[in-house]
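One structure below.
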Protein chains: 2
Amino acid sequence: MAKRHELMKGSVDSLLLHLIAQQPMYGYQIIKELERRSQGYFKFREGTLYPALHRLEKAGLLLSRWQTLPSGQQRRYYYITDKGNRVLVEKRNQWQEFLVAVNLIVQPADA
Amino acid sequence: MAKRHELMKGSVDSLLLHLIAQQPMYGYQIIKELERRSQGYFKFREGTLYPALHRLEKAGLLLSRWQTLPSGQQRRYYYITDKGNRVLVEKRNQWQEFLVAVNLIVQPADA
DNA sequence: TATAATGCATAGCTATTCTATGTATTTTAA
DNA sequence: TTAAAATACATAGAATAGCTATGCATTATA
């Protein structure tokens, strides 16, 4: 399943693309934003987030730039790429198809 | 994520419980039924299905009984248990919560 | 001044799903 | 009638994802 409908193995990549497409963000901010917006539902771990971000950057869907605050603090901001936006549209469609399929199983029109 | 919201790691177990709760089935039939009802979307592989069924049986959510057809053909039918039904209700609620959370990210009320 | 929060990162574990097989029987089509 | 396709169950091995646990460093708070 995973190869053909990546949604099943997790929605992490999609969620990250959605979020970063709305606004460039850095890792820690992503964790907090996902938690805030989902009203506490999503609590990403670093061990989930950072490898995912690196994976998405390596795939050319995101790109990152280090930014230095006046305080000297370093932050790594992630931006979505054109390719990332195209994939995002695809993933959104796939998600809808997946929901339809699940509903056909869970609430069958015919048994 | 996987430990707290199993849905993310895949919906295989939920789909199987839903299906078998509606009607006891054997493995091959499950593969065909999932494909038919989802209009071709779900195409479970044996390597996905059978380990999953064994897993669910071991967890006490399903139980199986061999049945012999007049032709002599053997089929292993799976039935949902009481525990399986309870877990099914839980999973359905979790799935709804997950959908709500995803929508809050994908279509944010506030950005 | 200790603790919590911010900020990035990786190593190792476990679980899940896939691919690729294997075996055997029954039905269908050439 | 016989080859091929469908039916039916099963597992080994590989890939991958997400988790736990940990490390380091800085800044804000109690």
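All chains are named by letter (A, B, ...) in the order of the sequence lines, taking the proteins before the strands, and each is independently numbered beginning at 1.
Residues B:Glu46 and A:Ala52 both approach DNA chain D. Their nearest nucleotides, taken by heavy-atom distance, put B:Glu46 toward the 5′ side. Taking for each of B:Pro51 and A:Tyr50 the nucleotide of DNA chain C with the nearest heavy atom, the 5'-most of the two is the partner of A:Tyr50. Between B:Gln73 and B:Leu49, the residue anchored nearer the 5' end of DNA chain C, judged by the nucleotide with its closest heavy atom, is B:Leu49.
Remark: C1' of C:dT6 and OH of A:Tyr26 are 8 Å apart, rounded to the nearest angstrom. If you take CD1 of A:Ile30 and C1' of C:dC8, they are 12 Å apart, rounded to a whole angstrom. Note: CZ (B:Arg55) to P (D:dA10) measures 14 Å, nearest angstrom. What separates CD of A:Gln74 from P of D:dT27 is a distance of 11 Å, to the nearest Å. Protein atom CZ of B:Phe44 is 17 Å distant from nucleotide atom P of D:dA10, rounded to whole Å. Going from atom CG of A:Leu34 over to atom C1' of D:dG18 covers 15 Å, rounded to whole Å. As rounded to whole Å, 10 Å separates atom C1' of D:dT7 from atom CG of B:Leu69. For the pair B:Tyr77 OH and D:dC9 C1', the computed distance is 14 Å after rounding to whole Å.
Nearest nucleotide to the B:Arg75 side chain, out of C:dA9, D:dA8, D:dC9: D:dA8. The listed nucleotides are C:dA5, D:dA8, C:dA9; the one nearest the side chain of A:Tyr28 is C:dA5. Nearest nucleotide to the side chain of A:His54, out of C:dC8, C:dT19, C:dT10: C:dT10. Across D:dA10, D:dA8, C:dC8, the shortest atom-to-atom separation from the side chain of B:Arg76 is found for D:dA10.
B:Asn93 CG: more than 12 foreign heavy atoms inside a 6.0 Å radius.
For B:Lys91 and B:Asp13, the salt-bridge test fails: no basic side-chain N is under 4.0 Å from an acidic carboxylate O.
Taking every heavy atom of both residues into account, A:Ala21 and A:Ile80 meet most closely at CB-CD1, 3.7 Å.
Contacts of B:Gly47 with the nucleic acid, taken as non-hydrogen atoms under 4.0 Å apart, include base atoms.
Judged as a side-chain contact (heavy atoms from CB on, under 4.5 Å), and not counting sequence neighbours, the contacts of B:Ser64 are B:Glu57, B:Arg76, B:Tyr78.
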TODO: Test A:His54 against A:Tyr50 for side chain to side chain contact (heavy atoms under 4.5 Å, CB included), laying out the working first.
DONE: CA-CA 6 Å; A:His54 299 164; A:Tyr50 291 112; 4.3 Å; yes
